[in-house]
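Note on naming: letters A, B, ... go to the chains in the order of the sequence lines (proteins, then strands), and numbering restarts at 1 for each one. It should be emphasised that the depicted structure is a prediction, and the values quoted were computed from it without experimental measurement.
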Amino acid sequence: MRVSIEWLKQYLKIEQTPEELAEILTRGGIEVGGVEYLNKGIKNVIIGEIKTINAHPNAQKLQVCTVDIGSEELTIVTGADNILVGDKVPVAVPGAELPGGKIIETADLRGVESQGMLCSEKELELEFVGLDRSKGGILILYPDAEVGTPLVDYLGLDNYVLELELYPNRPDCMSMVNVARELGTLLGKKPNFAEWLQTDEPIWPTDVKQKINIENPELSWRYSALLVEDVVIGPSPRWMRNRLRAAGIRPINNVVDITNYCMLETGQPLHAFDRDKLKGTVRVRLAQEGEKLVTLDGVERQLDNSMLVIADDSGPIALAGVMGGLDTEVTASTKRILFESAHFAGASIRRTSRKLGLRSESSSRFEKGVDPHGTVTTLVRVAELLLELEAGVPMSFVEHKVYLPPQTVIEFSRERVNAVLGVDYSKQEVERVLESLNFDYEHRPDGKYIVHIPSYRQDLKIEEDMIEEIARINGYDRIPTTLPQGVQTQGRRTPEQELRRKIRHTLVKAGMNEIVTYSFVKKENDDLWGLRGMNIPILNPLREELGVMRTSLIPGLLETAARNAARRNLDLLLFEMGSVYWQHELPLKNLPQEKTLIAGLAQGQSPRHWLVPQIKFDFYFVKGILNQLELACGLEFTYTPLKNDRYQGLLHPGRSAEIHVAGEYLGFIGEIFPQLDAKLGLERPVLFELDFDVLYKNCKTTLVAKSYPRFPAIQRDLALVVAQNVASEAIKNRILELGGDLLQEVEIFDVYQGRPIPEGHKSLAFSLRYQSPERTLTDEEVNNLNSNILASIQEEFGAEWRK
Amino acid sequence: MFKNRERVIRLKAELEKIKKETLHKLEQLTTMEELQDLKVKVMGKKGSLTALLKQMGTLSPEERPKMGQIINELRGKLEQAWEEKAKQLEQIALAARLEGEKIDISLPGCWLPKGHQHPLSKVIEEIEDIFLGMGFTIAEGPEIETDYYNFEALNLPKDHPARDMQDSFFITEDILLRTQTSPVQVRTMEKMKPQLPVKIIAPGKVFRHDDDATHSPMFHQVEGLLVDKGIRMSDLKGILLYFSRQMFGESREIRLRPSFFPFTEPSAEVDVSCMLCGGDGCRLCKYTGWIEILGSGMVHPRVLEMGGYNPKEVTGFAFGMGVERIAMLKYGIEDMRLLFDNDIRFLKQF
Ligand SMILES: [Zn+2]
């Protein structure tokens with residue numbers, strides 16, 4: 001809503017600057033998004049009348065005009081060709097300034113001295129000012145422009161507009177009268193309104209011929225119509241045009257301008273039908289499937305049975321509350337008019353407007369709610385203006401009134417106001433607010449206030465609404481700061497939340513960088529890595545690439561890695577912890593399962609360093625990171641070759657594994673399948689994805705410290721050559737088994753392939769640590785044990801001992 | 001007698017010579033080995049001084065003790081000189097070692113992996129910690145939500161114009177991606193009723209059909225809710241003032257502005273005094289001195305009812321803040337899209 005200060009001053013004496021008003025309104029709950037000064041920098045532009053137009057002696061495209069500006073006649077050269085002798089035009093006289101700071105001086109234009117310049121709307125940064133002929137050329141003013149008057153005065157540009165950004169609860173402030181009421185309340189001043197505003201009864205005889213019928217009373221409670229004869233269509237007066245323009249509405253003609261002006265004034269949208277084009281009864285009804293209507297903008301609209309229309313005996317003539325129809329439009333030849341002032345249900349108007357993608361000043365008011373009590377009052381104002389503008393003679397009135405909501409009465413007590421706000425307002429402070437709001441109230445002997453809410457404040461319904469009124473009008477600054485008085489509680493994370501945090505911190509400490517990606521992804525990508533065909537589609541995705549809810553975090557990681565790689569960020573350690581969404585049926589009937597997954601991606605290597613050799617971010621690096629997770633969760637993961645074929649063609653079969661914990665499937669780790677990486681601009685990224693719930697379920701939250709033996713340990717190394725496909729872990733586990741209680745620890749400390757180890761074989765070196773909790777071991781018993789182990793391993797694994 | 005005297009004189013002369021020579025050599029030598037050699041040469045079994053001592057037997061009994069004393073004095077003197085020299089040599093050797101072992105301390109230290117937490121999760125944790133410290137617990141709710149919890153239970157019936165404030169992503173007519181973390185309010189109340197207090201924050205992802213420089217289709221909010229007997233709007237102000245000072249610095253002030261949310265009444269927008277200019281006015285605060293950080297209010301009685309509490313007996317406050325906005329203010333990030341771009345160079349700053 002654009003609020004002209006000049007207009008406001010009609011109702012209220014205002015001493016504040018526009019900026020101060022904006023602050024007062026904003027602090028009072030009516031947010032002002034901006035303050036606009038209407039003059040964008042026009043200085044010394046005078047209205048002139050074209051007296052003569054002659055061809056330029058030296059230039060084909062130029063004309064030389066003489067222009068009367070009251071005090072003198074100027075010779076001005078112009079390139080425009082839309083002007084006629086007698087036109088009123090804006091003249092930038094020598095020394096004038098235009099928006100953007102351009103200064104106009106006398107200039108020689110191809111041999112003719114031009115004493116200034118004729119301006120276009122664009123050069124003046126103006127809109128909706130001139131006659132239609134102004135398009136693309138010099139601005140041609142209405143004939144009522146007075147020669148010699150500064151343009152700024154004529155157009156009322158020395159004025160400010162407040163741009164209100166209204167919350168949906170205050171549709172009443174889409175009206176000048178109610179903004180004045182609101183501002184009056186906040187300033188502690190009573191606005192001055194004309195008499196018509198107090199009239200809500202029709203002052204005209206009932207029309208006997210025109211019938212009106214509301215057929216869907218749930219969608220329209222009241223339809224009032226004023227019938228006007230002897231209509232003379234013409235331009236509206238300057239003051240009205242200026243106010244409409246300040247509000248951002250294009251002046252059209254006196255009748256249309258009156259409907260718009262009254263809507264701005266009271267908030268009640270109006271529509272004018274050419275009565276001679278109406279056929280029979282005016283009905284408010286839902287459209288029938290297949291009906292059509294050409295709206296005022298010339299577009300043919302397909303209607304359906306959810307759209308409320310105004311119809312006559314011939315069919316729909318207007319989209320109720322949204323836009324009129326072209327057939328019944330008021331034109332220059334219109335003689336009789338039916339002015340509609342009606343109530344339509346906001347939800348219905350909202351639906352129609354959305355369905356057709358058609359919004360108007362009218363629909364935006366109806367959507368949010370228009371006071372059904374105000375239809376006649378607005379028609380009274382219409383009648384007054386018609387007579388004032390000599391645009392027509394109001395003759396009769398007709399109305400179908402189905403329902404008017406009763407007046408809201410709110411009961412509240414000062415004690416409750418104080419208790420809810422934490423303040424201590426006196427009786428006077430509470431009553432001062434009620435009086436500044438201009439609400440009728442009683443103070444009952446039991447201390448309760450009974451407030452009668454005027455119909456234009458539809459947002460006030462319950463006691464809490466009154467508490468807010470009192471709080472905001474006294475100012476939120478008057479509410480002190482306190483702390484809650486109740487029992488003290490202890491805040492702590494649940495074990496689950498704690499574990500999530502621990503996992504995040506563990507991965508970060510291990511060198512991984514956390515990323516956050518969208519929960520919706522491209523279906524094809526999610527199908528690859530997630531639960532094929534199980535991803536939930538979004539009905540109205542932003543883009544097709546964001547079409548389904550993810551079932552895996554891998555697509556987001558790969559996309560992030562690819563984007564980084566494209567920017568030459570090639571060494572990547574990324575992880576994400578977040579929700580994926582698994583459904584059990586489509587279309588969804590119940591909420592889907594939301595699971596937390598932890599996924600990561602590693603590629604490249606550690607930075608080149610003078611001391612530390614570069615470490616490859618490969619399978620083993622990632623496995624090392626996962627080991628940190630194992631330690632953090634008190635768990636042991638087991639790695640086995642991928643069994644199910646879910647990752648066939650996605651992961652390198654020789655460089656991937658299933659991870660289990662306590663026999664339960666936890667997730668996978670693996671290098672991406674050859675060639676898939678190149679398509680993304682990546683190089684051998686290693687991925688993992690783990691199920692948080694499985695980690696949480698098995699995670700050991702308690703820790704019991706073990707004691708360590710006091711007796712010395714004896715260490716033996718064992719180097720073996722085995723076939724390449726023998727899993728080192730299998731040998732390690734077998735050694736541990738064979739070593740029994742005395743063998744405390746086995747570590748693989750060297751892996752080697754290549755000469756002199758025969759092809760297809762590898763050398764593994766184990767370090768064995770023997771120790772007894774009870775005594776000091778002898779070299780002899782350790783040697784015996786060690787050679788028994790060696791013998792068994794040689795036999796069982798076909799291993800050869802490497803001395 | 002004469003012979004004896006002559007011997008004494010000769011001995012003394014020799015002593016003097018040994019002393020002079022030894023001290024001179026001592027001065028010259030530069031290594032411990034040389035020092036040891038010299039010591040052996042003078043005081044060793046075959047040393048020059050030892051040899052002199054052997055000649056003592058040729059002296060008269062009267063001369064012997066005198067001479068013995070002279071030799072001992074010399075011996076003492078030399079021992080002391082040796083010791084001093086040894087110390088001196090040690091010092092030199094140590095200094096040489098230190099000099100030789102000098103490293104280039106300007107070289108970078110050993111490489112160790114260093115990861116970074118995403119600024120959004122970092123800010124969420126920080127917010128969580130502040131409220132945990134005030135006795136709030138952390139509640140969670142689904143990101144795919146029913147129309148009922150996302151709108152209706154928050155006093156936003158179908159076709160309510162306020163639904164226009166939030167364009168939703170729909171899964172079905174009745175299931176959508178939650179547009180706010182507020183549904184967790186009602187879910188938590190339903191779970192906890194009739195226990196008091198209900199004192200939670202609910203961080204999480206939310207989704208709106210928007211995508212430009214200042215809006216992301218997915219973003220994060222932290223919701224707060226405190227329901228108890230006798231909760232006042234002044235308590236809301238107190239809690240939020242404490243939060244703002246923890247988050248943005250001790251000298252921050254807050255102010256409340258009337259606002260509208262369907263699920264709170266009265267409602268308030270909360271501004272914090274600008275962390276960049278301290279309230280004097282700058283580009284960040286658009287020269288107002290204030291920065292809007294969150295929406296809040298007293299829980300609407302309808303919402304309390306739908307959560308299973310009697311609005312005649314309890315009151316409550318609720319608030320909701322945008323994590324992206326707070327992260328942007330806190331870290332001076334100007335473009336929200338950076339937060340979801342995940343460029344490693346950006347992430348490594350946190
Ligand atoms: Zn500032």
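- Contact of A:P537 with chain B is made through the backbone alone, with heavy-atom distances under 4.5 Å.
- Between chain A and the residues B:P311, B:G297, B:S259, the most heavy-atom pairs under 4.5 angstrom are made by B:S259.
- Residue A:L507 does not touch chain B at all, counting heavy-atom pairs closer than 4.5 Å.
- Interface residue A:E31: only side-chain heavy atoms are found under 4.5 Å from chain B.
- For the residue pair A:Q497 / B:E128, no side-chain donor-acceptor distance below 3.5 Å is found, with atom types taken as modelled.
- B:D343 touches chain A through backbone and side chain together, each having a heavy atom under 4.5 Å away.
- Within the 4.5 angstrom heavy-atom criterion, only side-chain atoms of A:I462, from C-beta onward, approach chain B.
- Within the model, atoms NZ of A:K589 and OG1 of B:T172 stand 10.5 Å from one another, a figure rounded to the nearest 0.5 Å.
- A salt bridge does not link B:E265 with A:K461: every distance from a Lys NZ or Arg NE/NH1/NH2 to an Asp or Glu carboxylate oxygen is 4.0 Å or more.
- Proximity to chain A (any heavy atom under 4.5 Å) is shown, for B:I200, by neither the backbone nor the side chain.
- For A:V612, the part lying near chain B is the side chain, with the backbone staying farther off; criterion is any non-hydrogen pair under 4.5 Å.
- Residue contact with chain B, scored on non-hydrogen atoms closer than 4.5 Å, involves the backbone and the side chain of A:Y518 alike.
- With a 4.5 Å cut-off on non-hydrogen atoms, A:N564 touches chain B through its side chain but not through its backbone.
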